[in-house]
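In what follows, every chain begins at residue 1, and chains take the letters A, B, ... in the order their sequences are listed.
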Amino acid sequence: MTASAKTISDALLHWYDAYARDLPWRNPPRAPRPSDPAWPYRVWLSEVMLQQTTVAAVKPYFAKFVANWPTVEALAAAEEAEVMAAWAGLGYYSRARNLLKCARAVAARGGFPESKEALRGLPGLGPYTAAAVAAIAFGQRAVVVDANVERVVARLFAITEPLPAARKAIRERAEEITPEQRAGDFAQAMMDLGAQICTARDPRCLLCPLAGDCAARAKGDPARLPVKAPRKPKPERQGRAYWIERDGAVWLVTRPGNGMLGGMRALPDDGWSAQADGSAMPPVPGAQLSLGAVRHVFTHASLTLELVRLEGEPDGDGEWWPLERIEEAGLPTLFAKAARLALAARG
DNA sequence: TATCCGTGGCT
DNA sequence: TAGCCAAGGAT
């Protein structure tokens, strides 16, 4: 490690010791001690939940999961439908499917592996999460690169090459400034800095412990970095969902394990997610009445979903779900919106 | 390398 | 307000 790299890591760790955020999945006194097997479980669980997701959104879900399933063994023993329902609303549902697969693999082998390489082989753990768990939960010296680190490093070293091409150079610089000791604290410090000081827009350089080391600040325009490729336009989709009600219950299906909202309970629909637009064909014959439409914006498409009340007998797999317990069905946000529309139309 | 996969908050 | 953004992974 060069002298300037040590200057950076020392300054950041010193800042972290004073200003680290108090988060439920972090160190004592609020969380178990590192020697407790509950500690790697909580670190792993929080890291998976935090993928592409804000701290504020994760907090209530983390509390619910730890209360329902205090250990990885408890989670491993859970029914998939329970886990998916508990995850409902948090998004990126493949994370929940892989979370359960991972819990079962870990329970079967008697605990989490401790090396980055072994962690990388578990479902749902990519380069980032494997490195983060190795460093934070097991004290390994691993180089942790997430969007915060990319932003901080791009500014520190004034890397003007656009993402994603700049990732190689960013990783090399991150490797240089990651200390041998306290790599987990260093990673969390970079994330705290990125979330609170070195923010994407309007960075608060006057509060930054690395301001004196920052090449982008010296050049005068840190907010310009990192440069990103322009996004592609978001396609517009149309679809229909069907509200089939009987005796105070609504017909729900479970979506296939892959693809959009995979594994989640849902209203039956016309296949809009598998095709660009749905077929608009109802799953059963019978009288139809439009209840209105719901707008929903996903990462890669915007959807207008028409909700149609259907009089008829459903066929295929599904379940009658009591309306008074609809909140417990674990519908993803799109279908939760549709259910609210139906209940409002119903008066 | 590029694309797909949620959601809610912020500006 | 429409777009941007957030502790990415799988394919």
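Remark: A:R340 pairs with no residue by the salt bridge (charged side-chain N to carboxylate O under 4.0 Å, His left out) rule, at least two apart or across chains. For A:D146, there are no salt bridge (charged side-chain N to carboxylate O under 4.0 Å, His left out) partners two or more places apart in sequence or in a different chain. For A:R21, the side-chain contact (heavy atoms from CB on, under 4.5 Å) partners at least two apart in sequence or on another chain are A:L23, A:R26, A:V55, A:D192, A:A195, A:Q196. Applying the salt bridge (charged side-chain N to carboxylate O under 4.0 Å, His left out) rule to A:R231 yields no partners; only residues at least two apart in sequence or on another chain are considered. For A:R155, the salt bridge (charged side-chain N to carboxylate O under 4.0 Å, His left out) criterion is met by no residue, not counting sequence neighbours. Evaluation of the side-chain contact (heavy atoms from CB on, under 4.5 Å) rule for A:R201 yields no partner, not counting sequence neighbours. Applying the ring pair (Phe, Tyr, Trp, His ring centres under 6.0 Å) criterion to A:W321, with sequence neighbours excluded, gives no partner residue. Remark: A:A88 pairs with A:M264 by the side-chain contact (heavy atoms from CB on, under 4.5 Å) rule, at least two apart or across chains. For A:A5, the side-chain contact (heavy atoms from CB on, under 4.5 Å) partners are A:M1, A:T2, A:I177, not counting sequence neighbours.
Residue order along DNA chain B, read from the 5' end via each residue's closest nucleotide, puts A:A165 first among A:R97 and A:A165.
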Tabulated below should be each protein N or O lying under 3.5 Å from an N or O of nucleotides 9-11 of chain B; please produce it.
none

Sub-3.5 Å pairs of nitrogen or oxygen atoms, protein against nucleotides 7-11 of chain C:
from   : atom 1 : to     : atom 2 : distance (Å)
C:dA7  : OP1    : A:N148 : OD1    : 2.3
C:dA7  : OP1    : A:N148 : ND2    : 2.1
C:dA7  : OP2    : A:N148 : OD1    : 3.1
C:dA7  : OP2    : A:N148 : ND2    : 3.4
C:dA7  : O5'    : A:D146 : OD2    : 3.3
C:dA7  : O5'    : A:N148 : ND2    : 2.6
C:dA7  : O4'    : A:D146 : OD2    : 2.8
C:dA7  : N7     : A:E47  : OE1    : 3.4
C:dA7  : N7     : A:E47  : OE2    : 3.2
C:dA7  : N6     : A:W25  : NE1    : 3.2
C:dA7  : N1     : A:R21  : NH2    : 3.0
C:dG8  : OP1    : A:A147 : N      : 3.4
C:dG8  : OP2    : A:Q52  : N      : 2.7
C:dG8  : OP2    : A:Q52  : NE2    : 3.1
C:dG8  : O5'    : A:Q52  : N      : 3.4
C:dG9  : OP1    : A:G126 : N      : 2.8
C:dG9  : OP1    : A:G126 : O      : 3.4
C:dG9  : OP1    : A:T129 : N      : 2.9
C:dG9  : OP1    : A:T129 : OG1    : 2.7
C:dG9  : OP2    : A:Y128 : N      : 3.3
C:dA10 : OP1    : A:G124 : N      : 2.7

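Listed in residue order, the members of residues 253-269 of chain A having a heavy atom less than 4.0 Å from DNA chain B are A:M260, A:L261.
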